[in-house]
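Have a look at the structure below, then the notes.
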6 protein chains.
Amino acid sequence: MTNSETAILRADGRTPDQLRDISITRGWSKQAEGSALIEFGNTRVLCTASLTAGVPRWLKGEGTGWVTAEYAMLPRATNTRNSRESVKGRIGGRTHEISRLIGRSLRSIIDTKALGENTIVLDCDVLQADGGTRTAAITGAYVALADAVAYAKENQLIAKNAQPLIDTVSAISVGIIEGVPMLDLPYVEDVRAETDMNVVVTGSGKFVEVQGTAEGAPFDRDELNQLLDLALIGTSQLAQIQRETLGAK
Amino acid sequence: MTNSETAILRADGRTPDQLRDISITRGWSKQAEGSALIEFGNTRVLCTASLTAGVPRWLKGEGTGWVTAEYAMLPRATNTRNSRESVKGRIGGRTHEISRLIGRSLRSIIDTKALGENTIVLDCDVLQADGGTRTAAITGAYVALADAVAYAKENQLIAKNAQPLIDTVSAISVGIIEGVPMLDLPYVEDVRAETDMNVVVTGSGKFVEVQGTAEGAPFDRDELNQLLDLALIGTSQLAQIQRETLGAK
Amino acid sequence: MTNSETAILRADGRTPDQLRDISITRGWSKQAEGSALIEFGNTRVLCTASLTAGVPRWLKGEGTGWVTAEYAMLPRATNTRNSRESVKGRIGGRTHEISRLIGRSLRSIIDTKALGENTIVLDCDVLQADGGTRTAAITGAYVALADAVAYAKENQLIAKNAQPLIDTVSAISVGIIEGVPMLDLPYVEDVRAETDMNVVVTGSGKFVEVQGTAEGAPFDRDELNQLLDLALIGTSQLAQIQRETLGAK
Amino acid sequence: MTNSETAILRADGRTPDQLRDISITRGWSKQAEGSALIEFGNTRVLCTASLTAGVPRWLKGEGTGWVTAEYAMLPRATNTRNSRESVKGRIGGRTHEISRLIGRSLRSIIDTKALGENTIVLDCDVLQADGGTRTAAITGAYVALADAVAYAKENQLIAKNAQPLIDTVSAISVGIIEGVPMLDLPYVEDVRAETDMNVVVTGSGKFVEVQGTAEGAPFDRDELNQLLDLALIGTSQLAQIQRETLGAK
Amino acid sequence: MTNSETAILRADGRTPDQLRDISITRGWSKQAEGSALIEFGNTRVLCTASLTAGVPRWLKGEGTGWVTAEYAMLPRATNTRNSRESVKGRIGGRTHEISRLIGRSLRSIIDTKALGENTIVLDCDVLQADGGTRTAAITGAYVALADAVAYAKENQLIAKNAQPLIDTVSAISVGIIEGVPMLDLPYVEDVRAETDMNVVVTGSGKFVEVQGTAEGAPFDRDELNQLLDLALIGTSQLAQIQRETLGAK
Amino acid sequence: MTNSETAILRADGRTPDQLRDISITRGWSKQAEGSALIEFGNTRVLCTASLTAGVPRWLKGEGTGWVTAEYAMLPRATNTRNSRESVKGRIGGRTHEISRLIGRSLRSIIDTKALGENTIVLDCDVLQADGGTRTAAITGAYVALADAVAYAKENQLIAKNAQPLIDTVSAISVGIIEGVPMLDLPYVEDVRAETDMNVVVTGSGKFVEVQGTAEGAPFDRDELNQLLDLALIGTSQLAQIQRETLGAK
């Protein structure tokens, strides 16, 4: 899969199973309990974690915490300017969909009982978009979340020995372009992909979300399997980067 | 998988790989160019197809048509009443997400060039909800769409020999409950599922969408494969029912 | 008024004082405490009654219940598709006006003291529209309301001997077309009517609402009286059908 | 009906068939093409008519004009302050309903062909509310409309000999209080009324709108007739005041 | 500055340092706790003060009161009609900005401790606009506020000897037109001004707000000083008129 | 003013007439035609300039360009999280006010004729807030604007010899704290300031905007003059930094 023929398919010179340059700047924001500026190539997402005591009304008295996420894009994160959703007065379907995906992904590795009646909101704001913004957001949000949990322990909002984080989580996009499965698509590849898949995987290698969409021709079982293989290569490397980032404090 | 032990898991007595009773009433609405009232057990969705000449502004002059969908639920389709989204003044994330899924699914089997500059809007309104509303909506919307295409030919809005429909499409939910993969989950099973997957498949057996979510514990490759096997059993039966319904005119 | 000359005025062959075929399917919805699918010819309205303990904040502690209604139309209930009000983000004046009319009509025959601190919301969703949707909605909503009250008694939410329903209520449209007063106008007649009136009448024959509008030329006292005569003929038949439907359980 | 017994029912000393003091200040606004500040006792409504060339898109090329109305209330027009609808971000049902009523009432006496492709918007803003705001609005809006039509002629927007106004129109409220039918209800009477009716009548004495509502017990044919009698007394006096006001320029 | 040369610059014949005719009708509204109809030439603003016990949630238990303001314009206050903000479903930036300015201006002369836990809302509705609406609104709102405070004392909502009003406040616009600084600009001057300034001043001659904007060329320190001189002339006269109005009760 | 006594007033050790550390990263965004990440101490604003051919409808055919701005804050730019305006469905008054201020400030130094029929939108998104966000936004937006104008020349959207930029512009906040006028207030000082002023000044030292507000006691002419003196010290340094940044490309 990584021979010279397919390699030339990628404008940035990567092999099909190669991630873009990944960078995570932990603690980029001075205000939030946890934060990370994450870069997947030219895609840049600022992730902040806001911790507050208490939970939404519908959870009160259950003794469990709550983790949720909001995703958004600056108007000029993209190549041409988009109207602000605040100006339009409504949030678009894509924004809603990605916010929900990030929230579910993070909740999958949180033990809300161990979190106590605390709420953590992850804000993932795309400062620059070049494909894979939702997967960068999930991967960066995990780092911000981990730091917010550490903050909660240091400030005795949760017990020192509580273990709200039961695993790590990261995400990557994969797709089929001119018949070749490829890892971590930038925008120019994303628009050409026949099939596009976002895969969210725990640090222990299990699936949290698998979202595959045929943008062009429908795909078969074999193609699905090749895409999942690639995704697991990518998320295992991302998990390693997350570990290094968090160890580095 | 269909032995007596697992069978008793299901409140309605089905085996794990068995669909609920499926019923499609073609032409339920007298007003629309195509329509179907589809039932998956107690789930009832009214699907109408509205055909109009012309396309949205951003497609004008391209010589291609447009197919889109809107999904909604009556306030008392569910066990307890929900506020109307029109009264709240905004559409929720779930509604947006499902509307987009239905639209993508139908566009995957439409040749928009062959459709000419015509627009078909599929409205999928859930009259009664008991799990699987999005998969019923896709399956019923296909029938409404096929009739709207037939109407377009009869009324010479598109050429008699044009073939806008390049395949059929249907969808089903699958999930893992207490470790057992199961087909076509009603509400009581849906809330208990550890993993929940919606699979959209063409009549020729290829994937259009695969959306798997770990609601409880993350799932492994093996479980993913069992769920896909089950989904293909279900969609192949749904494709057969669609063919019979449309042949029956 | 029912001679051969005027009869030919009506496309469906009815005499001026004749209702369309009326059908009420009680309990059409499995989820609601009361429900009815009502048909006035091709007009089809699904009415559900949702009963919940408690009242809105402004009524708390008064010891009285609350009955309210929401009317809406599916986008393709009509001959050409209308945008959804949820997508537009606001409810139109006509929707507001009819919702308020239905609510007032039902409250006129409810003893809210006898209802206790319970709320009943009537949802009237027009699945197919061919004139007279608001009158069909009122007539069908009464049946759903009556069943919700029965449900409340069976489940001991209100006392067995409480009598919250002090009368029945139904509604019909009347109008003047080419000078001839006519009962129960379908859409093709409605658009031609010079004067259009909706009349809401109790089972005991008293007026709850009289809403007459000159669409073309203003009308005189004589015409008003003829229209009221016709309306009373119609509502007395509807009241009889309601009684039969509710006796038939 | 006007004997001493019933007279004492009214806090302001009027007989049941007596209007409040009516005052119309024509041309109150310097900016509008027509305007009137109308007072029914303490109810004060500022009515302005805005004339612009052209019609809404859906009327273009039909060769007819358009007349529409918008009703609103200042937040402190009433005894306790109401939130602004602009701040709430949505118009309430009552506002919608009254705006539509005013628009229909004025269109009933306009020959839109004679108006040419011009639009007149009537803004009726309640500065002080003491019952009967919608009827004052209709009565005052007629005066503003008549002046806007005169302005159109003077400025040759319509032909000198065109007759867009085919009649005059005014409106009054009537109601039954403790069994006695009464004319022109101020707020204190309005809240006590068992039946409440708004009647819109042309200068030639024909009905444009009859909107009767049982607020308490349903009403019978006899009561309806007495209310209509009273309303015709009131509107005939209002039509006389309108004529005097417009003659007085 | 007031010689014959500059005088002819002004269409209404005023000298550069002359106010328009100012009129304040105290108690114009019968409903509000305080009210004033204020006129700066053809600009007419109705100011009402609504007093209610209690404060917004975020102030509860602080033992201090709250004063806030809302500014709005009738659709036909201006020369051509503007759409209603309630119909558009959102408040414009200009409206927001002016509402906030009025609120801040009034709070600058209120001792909220002395007001106790009471809230006063000032509604400033522009009935006719001819420049300077925000300055007229502030000047009139002060009169309404003073009467609402008097009402609070009379009705023992605050102590007889409490002094919530620590000063008076008024406002005026100034601008530079063809190089000449001028006081109190009507609309025709406002659109021609190179620099436009609104100045809010207490009765004791101190500044509460200074908002200067270069509409054309930027302005220098000298011009700024001349504008401030003029503004102080205007506000000192307005303060005198306010005193006379309030003394006149 | 810079003696040891007053110096200790500032937590960060600055003298009253000293700016915070100012940093401008030109071209921070790869997508926009011009961009700058500006920092005033811990305040960080990302400014992007989006250039598009054409102007808003109301300017078409005038032969002039258009410059406008939108300001926003990320939800966790501040010490505690604020709800997103897109989620609330409406833009707050403060956001509106600042967006308008930035737009006016930039238009004051643009010759829109020389810009041709092109539009430049400045987006100023606050990534981290520590006081002075509006003044940082104006100062940074100028740099982004200058680069977008350069881009327009390089890409021949405007003539090589056109001079749309007639000056530079920058802004700073000043305030009085415990009687001492101070320059460039961070958040901790801003909340304590008795008077708060934002001043926008051109590179040639003239005023574009002067917005002074008494937060506590009203201020006198003397204090106003001291604040203006300080502001001119700050903006002259900012202008120098802008020149160096733009020269440095």
Side-chain angles (χ1 to χ4, degrees), chain C residues 68-71 85 88-105 107-109 111 166-169 176 194-225 227-229 231-232 235, chain D residues 68-71 85 88-105 107-109 111 166-169 176 194-225 227-229 231-232 235:
Chain C
T68 186
E70 290 186 7
Y71 167 97
E85 295 187 323
K88 287 190 285 187
R90 52 176 74 191
I91 285 179
R94 182 182 173 277
T95 299
H96 258 141
E97 200 169 308
I98 299 178
S99 293
R100 287 157 56 91
L101 171 65
I102 300 171
R104 284 199 310 270
S105 297
R107 283 192 295 275
S108 76
I109 51 89
D111 174 355
I166 53 188
D167 205 335
T168 71
V169 69
I176 299 174
E194 293 110 47
T195 293
D196 186 20
M197 189 173 292
N198 291 291
V199 186
V200 184
V201 180
T202 61
S204 52
K206 290 196 154 192
F207 297 107
V208 168
E209 291 271 343
V210 173
Q211 297 202 337
T213 297
E215 303 286 353
F219 53 96
D220 61 24
R221 192 76 176 258
D222 221 54
E223 291 169 313
L224 176 56
N225 280 325
L227 288 171
L228 292 171
D229 289 341
L232 290 170
T235 50
Chain D
T68 187
E70 288 185 10
Y71 167 97
E85 294 187 324
K88 288 190 285 186
R90 52 176 74 191
I91 284 179
R94 182 182 174 277
T95 298
H96 257 142
E97 201 169 307
I98 299 178
S99 293
R100 286 156 57 90
L101 171 66
I102 300 170
R104 282 199 312 270
S105 297
R107 284 192 294 276
S108 76
I109 52 91
D111 174 355
I166 52 187
D167 205 336
T168 70
V169 69
I176 300 173
E194 294 109 47
T195 292
D196 186 20
M197 190 173 293
N198 290 290
V199 186
V200 185
V201 180
T202 63
S204 53
K206 290 195 156 192
F207 297 106
V208 168
E209 291 271 343
V210 173
Q211 297 201 338
T213 296
E215 303 286 353
F219 53 97
D220 62 24
R221 192 75 175 256
D222 221 56
E223 291 169 314
L224 175 57
N225 279 325
L227 289 171
L228 292 171
D229 289 340
L232 290 170
T235 52

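Throughout, protein chains are lettered first and strands after them, A, B, ... in sequence-line order, and every chain is numbered starting at 1. This is a predicted model, so every value here is computed, not measured. Atoms considered below: every heavy atom in the structure, side chains included; atoms not considered: hydrogens, waters and symmetry mates.
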Quiz: residues 208-219 of chain D side-chain donor-acceptor pairs under 3.5 angstrom, not counting sequence neighbours:
from     : atom 1 : to       : atom 2 : distance (Å)
D/Glu209 : OE1    : C/Thr213 : OG1    : 3.1
D/Glu209 : OE1    : D/Arg104 : NH2    : 3.2
D/Glu209 : OE1    : D/Gln211 : NE2    : 3.4
D/Glu209 : OE2    : C/Thr213 : OG1    : 3.1
D/Glu209 : OE2    : D/Arg104 : NE     : 2.6
D/Glu209 : OE2    : D/Arg104 : NH2    : 3.0
D/Thr213 : OG1    : C/Glu209 : OE1    : 3.1
D/Thr213 : OG1    : C/Glu209 : OE2    : 3.1

Pick whichever of C/Val201, C/Leu224, C/Asn225 has the most heavy-atom pairs under 4.5 Å with chain D.
C/Asn225

Check C/Phe207 against D/Asp220 and note the closest heavy-atom contact, atom names and distance.
CD1-C, 4.1 Å

Okay, C/Ile91 and chain D: the region with an atom under 4.5 Å from a heavy atom over there is backbone

Can you tell me which of C/Gly92, C/Ser204, C/Gly93 forms the most heavy-atom pairs within a distance under 4.5 Å of chain D?
C/Gly93

Contact part of C/Arg221 toward chain D, heavy-atom cut-off under 4.5 Å: side chain, backbone, both or neither?
both

Side chain, backbone, both or neither: which part of C/Asp167 has an atom under 4.5 Å from a heavy atom of chain D?
neither

Is C/Asp229 close to chain D through its backbone or its side chain, or both, or neither, when contacts mean heavy atoms under 4.5 Å?
both

Interface residues of residues 96-103 of chain C facing chain D - non-hydrogen atoms under 4.5 Å apart:
C/His96, C/Glu97, C/Arg100

Looking only at C/Glu223, C/Arg94, C/Met197, the option with the highest number of non-hydrogen pairs under 4.5 Å against chain D is C/Arg94

